[in-house]
Amino acid sequence: MDPLSQIIGELIPNLNVNKQKWVRYFEQHPELQSLFQTNELSKEMILPSLNQLYQYIEDKKNCSLCIGIDNCPNLLKGHYTTLKFEYGQIQSILTKCQKLLNQEEEEYKNQLFKSQYIPKEVLKASFKEIDQTLGRKEALMGLLKFIDLYQSGQKQKGIYLYGPLGVGKSHMLAATAKKLAENKISTLMIYVPDFFREMKSSIQDQTLNEKMKLLQEVEVLILDDIGAETISQWERDEILGAILQARIVKGLPILYSSNLNYDDLEEHLAYSNKGGVESLKAKRIMERIRHYTVPYFVDGPNRRMVE
């Protein structure tokens, strides 16, 4: 008995009483004609496989009326029975349906795009829904070019989006991340101010090295709203600096959004939360950003105020 038969058991109503009646029913069923005729199956060959034949017919009927995976009535949700004649007997196989395959593909894509501290409305962004206004057009073209070149395997610089509050920089990066995930490229998007706060607590729960490894190795890293944080010397040099250097060595790009241009960000990084000014260390960080990104100014009305 094959594995599916063990799962199915005695499914057919009144099987023991009406075996010959069921044999005649299956012999005449249009869904089974090809199997029977191709393999010239006799009644004796059909008789041991009535359960499999019954489940095959039931699955076909259920699938023809399908309204979605969640309501699938088949023996194993999202699967249907297929039949083949092999080794002198009818074999039954459970096969994933297209709806389940599509669902698994979507789940896989979602796993490729991870985020931390990014609002849900931002994560819903897509290029179709983003208005191509004059102040956004050049940046959008740059992001789409980045996606195309990265997908083709060409190494390239990251992107630095900067501009006023509320002009859609984060939405544009989220749309980019989703498009990369569709192309099976793993992406991590993090909101920088909250990220630095988490890294402090990671020392206590001993997860710092694990998180640093992820940030250094994910295919595409997105740092959203860099420059909005109050940064310490340790966060700047040991966290941000280490991430940037590791990704440069590996040839992995970073996409940024900020309210600050390069010069303003450098000035911001020079000041620690203790009030000191360390221009040289800030300049070293900025060298790893300037030379490995293409800047795009994003402008327009503050859509947060409009909403």
Side-chain angles (χ1 to χ4, degrees), residues 113-119 122-123 125 130 135-136 138-147 149-150 155-180 185-199 212 214-231 235-237 239-270 281-300:
F113 174 26
K114 297 183 183 298
S115 64
Q116 288 183 305
Y117 310 114
I118 305 297
V122 173
L123 297 177
I130 295 175
R136 291 174 167 181
E138 187 179 1
L140 286 169
M141 295 298 291
L143 290 168
L144 291 170
K145 182 180 178 181
F146 174 88
I147 294 167
L149 291 176
Y150 199 94
K155 285 190 176 182
Q156 57 183 311
K157 291 184 175 182
I159 286 177
Y160 187 87
L161 301 184
Y162 68 99
L165 286 166
V167 295
K169 300 183 296 296
S170 298
H171 285 75
M172 292 162 68
L173 291 180
T176 301
K178 290 169 71 173
K179 199 69 177 176
L180 289 168
I185 297 166
S186 60
T187 308
L188 173 62
M189 181 175 180
I190 61 176
Y191 178 63
V192 172
D194 286 340
F195 160 70
F196 279 129
R197 283 191 283 271
E198 179 183 330
M199 296 307 278
M212 286 291 288
L214 172 61
L215 292 160
Q216 291 170 351
E217 296 182 355
V218 67
E219 288 182 89
V220 177
L221 176 63
I222 298 176
L223 299 181
D224 184 40
D225 212 5
I226 189 170
E229 72 287 342
T230 300
I231 197 166
E235 291 163 345
R236 181 194 61 205
D237 300 336
I239 301 299
L240 181 59
I243 291 168
L244 300 187
Q245 182 60 29
R247 295 187 67 81
I248 289 170
V249 171
K250 294 180 173 68
L252 298 172
I254 303 177
L255 311 183
Y256 303 83
S257 76
S258 181
N259 298 325
L260 308 176
N261 61 28
Y262 284 151
D263 292 336
D264 290 339
L265 181 61
E266 182 173 332
E267 183 178 349
H268 167 76
L269 293 173
K281 290 186 176 181
K283 189 176 291 293
R284 287 173 180 166
I285 295 290
M286 284 308 303
E287 285 180 354
R288 299 169 189 167
I289 297 177
R290 286 180 195 268
H291 297 300
Y292 293 95
T293 58
V294 178
Y296 291 98
F297 178 65
V298 183
D299 200 6

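Note that the numbering runs from 1 along the sequence shown for the chain.
Here the side chain of Lys178 pairs a donor or acceptor atom with the backbone of Ala125 at under 3.5 angstrom. Arg247 places a side-chain N or O within 3.5 Å of a backbone atom of Leu215 that can act as its donor or acceptor partner. Side-chain N or O atoms of Arg236 include none that pairs as donor or acceptor with a backbone N or O of Ile231 at under 3.5 Å. Under a 3.5 Å cut-off, the side chain of Lys250 and the backbone N or O of Glu217 do not form any donor-acceptor pair. Listed for the Arg288 side chain is a donor-acceptor partner under 3.5 Å among the backbone atoms of Gly241. Remark: side-chain polar atoms of Lys283 are not paired, donor with acceptor, to backbone N or O of Ala270 under 3.5 angstrom. Glu219 places a side-chain N or O within 3.5 Å of a backbone atom of Ser186 that can act as its donor or acceptor partner. Looking at Glu287, its side chain never comes within 3.5 Å of a backbone N or O of Ile285 through a donor-acceptor pair.
To the nearest 0.5 Å, the span separating CG on Leu265 from CE on Met286 amounts to 4.5 Å. Between atom NZ of residue Lys281 and atom CG of residue Leu269 there is a gap of 13.0 Å, rounded to the nearest 0.5 Å. In this structure, CZ in Phe196 is found 7.5 Å from CD1 in Ile190, a value given to the nearest 0.5 Å. Rounding to the nearest 0.5 Å places CD1 of Ile159 at 6.0 Å from CG of Leu255. Rounding to the nearest 0.5 Å gives a distance of 4.5 Å between CG of Leu180 and OG1 of Thr187. Going from atom CG of Asp194 over to atom CE of Met199 covers 13.5 Å, rounded to the nearest 0.5 Å.
Side chains of Ser257 and Asp225: no donor on one and acceptor on the other come within 3.5 Å. Side-chain contact of Tyr191 with Ser170: a donor-acceptor pair under 3.5 Å is absent, judged by distance alone.
Residues Thr176 and Val220 are not in side-chain contact: their nearest non-hydrogen atoms beyond the backbone lie 4.5 Å or more apart. Using a 4.5 Å heavy-atom cutoff, the side chains of Lys157 and Thr293 are not in contact. Counting only heavy atoms from C-beta outward, the side chains of Phe195 and Ile239 approach each other to under 4.5 Å. In this structure, Leu161 and Leu143 have side chains that are in contact, with non-hydrogen atoms separated by less than 4.5 Å.
Closest heavy-atom contact between Gly158 and Phe146: CA-CE1, 4.4 Å. The minimum heavy-atom distance between Gly163 and Lys169, with the atom names listed, is O-NZ, 3.2 Å. Minimum interatomic distance between Glu266 and Ala282 (heavy atoms only, all atoms of both residues): O-CB, 3.4 Å. Pro164 and Asp299 get closest at one heavy-atom pair: CG-OD1, 3.8 Å.
The number of heavy-atom neighbours closer than 6.0 Å to CD of Gln156, taken from other residues, nucleotides and ligands shown, is above 12. Surrounding CZ of Phe297 are more than 12 heavy atoms belonging to other residues, nucleotides or ligands, all under 6.0 Å away.
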*Show your reasoning for whether side-chain contact (heavy atoms from CB on, under 4.5 Å) applies to Leu240 and Ile226.*
CA-CA 10 Å; Leu240 181 59; Ile226 189 170; 4.2 Å; yes
*Apply the test side-chain contact (heavy atoms from CB on, under 4.5 Å) to residues Glu229 and His268: give CA-CA distance (whole Å), side-chain angles for both, the deciding distance (0.1 Å), then the verdict.*
CA-CA 9 Å; Glu229 72 287 342; His268 167 76; 3.1 Å; yes
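Checking Tyr262, Tyr292, Tyr296 one by one against Tyr160, the ring-ring contact (aromatic ring centres under 6.0 Å, His included) holds for a single residue, Tyr262.
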